[in-house]
There are 2 protein chains.
Amino acid sequence: MAEKSPQGPRERYRAQVRAEIKEHAREQIATAGASALSLNAIAKQMGMSGPALYRYFAGRDELITELVRDAYRSLADAFRAAAAPGADAAGLAHALRDWALADPQRYFLVYGTPVPGYHAPDDITRIAAEIMTTLLDAFTPPPPGDSGGPLQEHLAGHRDWAGDHPAPPAALRRALAFWTRLHGALSLELAGHFSGMGFDPAVLFAAELDSVLER
Amino acid sequence: MAEKSPQGPRERYRAQVRAEIKEHAREQIATAGASALSLNAIAKQMGMSGPALYRYFAGRDELITELVRDAYRSLADAFRAAAAPGADAAGLAHALRDWALADPQRYFLVYGTPVPGYHAPDDITRIAAEIMTTLLDAFTPPPPGDSGGPLQEHLAGHRDWAGDHPAPPAALRRALAFWTRLHGALSLELAGHFSGMGFDPAVLFAAELDSVLER
DNA sequence: CAGATTTCGTTAGAGGTTATCAGGGAGCGT
DNA sequence: ACGCTCCCTGATAACCTCTAACGAAATCTG
């Protein structure tokens, strides 16, 4: 709450350069993956020489972390926008797929291969929790006639991740299934594992969504 | 079939050094991820200096490709071994989870974030097809009383990926669900997205497996 | 308005990486 | 035992991240 919109022209310029750096970084990641991101190449594209970027980011890791943060926030925004009217889970699902297809590497920035040592900063974890809250909202209250099952019983006793959300166990189970099943179909599609297989990934995605909604 | 066991001591030595290089590479990847794999570091560990490794691998990419190939073959072997007795899908699922938990980074070598430009060699694609065949075997014939659904109808007309396998559409649908749902639960678990959430990933995995088997 | 101070971007350089190349030495096969 | 092939080393080039020191420009302050 301390620094909102930049007051001085100095911070204004600074913010703009930071944004431009991230722009180039996003482009690089989209075309060659996050591991190919080069600060030097970005500097060259911007007409300045190497170390100048260290005025704006402490290093490569911080830049990537910032992009991961942006990706999380972007997903959270897309989710909230899709949930705005009446908390329809199908709408959330399509928002998720659209968001993922718009920039696959951004999806992998969030859900891709983790670096063994890396631990996300607290604020990113908080955005992830916000996404989860939106998801829980969409499944609360759950439709009647729910089967239950061992997982639902287990979740009834292990609901730390729901925080103080009033979602009943059935909603927890559905939200979890929504997350894992759609991620399963989506990540394999984005990674190209369906490419030579001949079927339409959208049909699979729709079927997985139905499996979450109808049962 | 041409070159089985090395005949000369020359090729024998060569194969052993290649294996040792891969051993160190695997270790590095397991502890720091594939992006942190350094040929130089491997050479240093083996007591030789840098460029010597280029006698055994054309470069970093070929080494990684080889490790990906090994990972695929390892998964295919684990799958076939689990399917040997009576083609039980639950056995396959547990074999998959055990295989993944034994070395998460190896799992991500197969199912992790793809490099945009990269295209897997044909022999790797063939191993992937072999895995799929094992999976289709396990679901053929499918249990009776199957619901069908839009996905199953779609797959009935788009079964290129099944090759000449006699699996009926219901088996295709189940095999696909097995793959995507278990991958969804497993990859999120391995990536640590469930870490602070308080529930047991094994219970989720079992529930997802049930969802594939029972419906 | 003028001086002090902060900030920016540069060059230089250390230390890391992949990868190529030329040459010496060791082991293998005949 | 000789010749040949293959292995390994050191040098080198071209990248990379990141630090340090310096000059220049813009901002803030008296």
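Each chain gets a letter, A, B and so on, in the order its sequence line appears, and its residues count up from 1. Predicted model, so just to flag it, every value in this text is computed and none were measured. The figures that follow rest on heavy atoms only: side chains count, while hydrogens, waters and symmetry mates do not.
- For the salt bridge (charged side-chain N to carboxylate O under 4.0 Å, His left out) test, no residue two or more places apart in sequence or in another chain qualifies with A/Asp61.
- When DNA chain D is scanned in the 5' to 3' direction for atoms under 4.0 Å from non-hydrogen atoms of chain B, the outermost contacting nucleotides are D/dT5 to D/dA11.
- Annotation: side chain to side chain donor-acceptor pair (under 3.5 Å) contacts of B/Tyr54 (sequence neighbours excluded): none.
- The aromatic rings of B/His193 and A/Tyr111 sit tilted relative to each other, their planes meeting at an angle between 30° and 60°.
- Residue A/Tyr13 places at least one side-chain N or O closer than 4.0 Å to OP1 or OP2 of C/dG9.
- The stretch residues 41-49 of chain B touches DNA chain D through B/Gly47, B/Met48, B/Ser49, each having a heavy atom within less than 4.0 Å of the strand.
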Before giving the answer on side-chain hydrogen bond (donor to acceptor under 3.5 Å, both in side chains), spell out for B/His183 and A/Ser187 the whole-Å C-alpha distance, their side-chain angles and the decisive distance to 0.1 Å. CA-CA 9 Å; B/His183 163 70; A/Ser187 72; 2.8 Å; yes
Nucleotide by nucleotide, 5' to 3', does protein get under 4.0 Å of the base (B), only the sugar-phosphate (S), or neither (-) in nucleotides 24-30 of chain C, counting heavy atoms? ----SS-
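- Distance, A/Asn40 CG to C/dT10 P: 12 Å, rounded to whole Å.
- The aromatic rings of A/Phe205 and A/His94 lie tilted to each other, with the angle between the two planes from 30° to 60°.
- Among all heavy-atom pairs drawn from A/Ala162 and A/Leu172, the shortest one is CB-CD2, 3.8 Å.
- Of all non-hydrogen atoms in A/Phe108 and A/Ala191, the two that sit nearest each other are CZ-N, 3.8 Å.
- The CZ atom of A/Arg18 sits 15 Å away from the P atom of C/dT7 (whole-angstrom rounding).
- Rounded to an integer number of Å, the gap from CG of A/Leu39 to P of C/dG16 is 19 Å.
- Near-neighbour residues of DNA chain D inside residues 55-71 of chain B, defined by a heavy atom below 4.0 Å, number-ordered: B/Arg55, B/Tyr56.
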Could you give me the CA-CA distance, side-chain angles and deciding distance for B/Met197 and A/His158, then say whether side-chain contact (heavy atoms from CB on, under 4.5 Å) is met? CA-CA 8 Å; B/Met197 294 182 70; A/His158 300 79; over 6 Å; no
Name every donor-acceptor pair, under 3.5 Å, that has one atom in a side chain of residues 14-24 of chain B and the other anywhere in the protein, sequence neighbours excluded.
{"from": "B/Arg14", "atom 1": "NH1", "to": "B/Arg55", "atom 2": "O", "distance (Å)": "3.1"}
{"from": "B/Arg14", "atom 1": "NH2", "to": "B/Arg55", "atom 2": "O", "distance (Å)": "2.8"}
{"from": "B/Arg18", "atom 1": "NH1", "to": "B/Tyr56", "atom 2": "O", "distance (Å)": "2.7"}
{"from": "B/Lys22", "atom 1": "NZ", "to": "B/Glu66", "atom 2": "OE2", "distance (Å)": "3.2"}
{"from": "B/Lys22", "atom 1": "NZ", "to": "B/Asp70", "atom 2": "OD2", "distance (Å)": "2.8"}
{"from": "B/His24", "atom 1": "ND1", "to": "B/Gln45", "atom 2": "OE1", "distance (Å)": "2.7"}

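- Residues of residues 27-36 of chain A that place a heavy atom closer than 4.0 Å to DNA chain D do not occur.
- Within a 6.0 Å sphere centred on CD of A/Glu27, other residues, nucleotides and ligands contribute 12 heavy atoms or fewer.
- Partners of B/Gln152 according to the side chain to side chain donor-acceptor pair (under 3.5 Å) rule, which considers only residues two or more places apart in sequence or in another chain, are B/Arg173.
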Please table the atom pairs, donor to acceptor, closer than 3.5 Å between any side-chain atom in residues 71-79 of chain A and protein atoms at least two apart or in another chain.
{"from": "A/Ser74", "atom 1": "OG", "to": "A/Trp99", "atom 2": "NE1", "distance (Å)": "2.7"}
{"from": "A/Ser74", "atom 1": "OG", "to": "A/Arg106", "atom 2": "NH1", "distance (Å)": "3.3"}
{"from": "A/Asp77", "atom 1": "OD1", "to": "A/Arg80", "atom 2": "NH2", "distance (Å)": "3.4"}

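- The salt bridge (charged side-chain N to carboxylate O under 4.0 Å, His left out) contacts involving residues 187-206 of chain A comprise A/Arg97-A/Glu189, where partners must be two or more places apart or lie in separate chains.
- Within the structure, every pair that satisfies the salt bridge (charged side-chain N to carboxylate O under 4.0 Å, His left out) test and touches residues 113-128 of chain A, not counting sequence neighbours, is listed here: A/Arg69-A/Asp123.
- One atom, OH of A/Tyr54, and another, P of C/dT11, lie 16 Å apart when rounded to the nearest Å.
- In terms of heavy-atom proximity, B/Phe139 sits nearest to B/Ala89 at CZ-CB, 3.7 Å.
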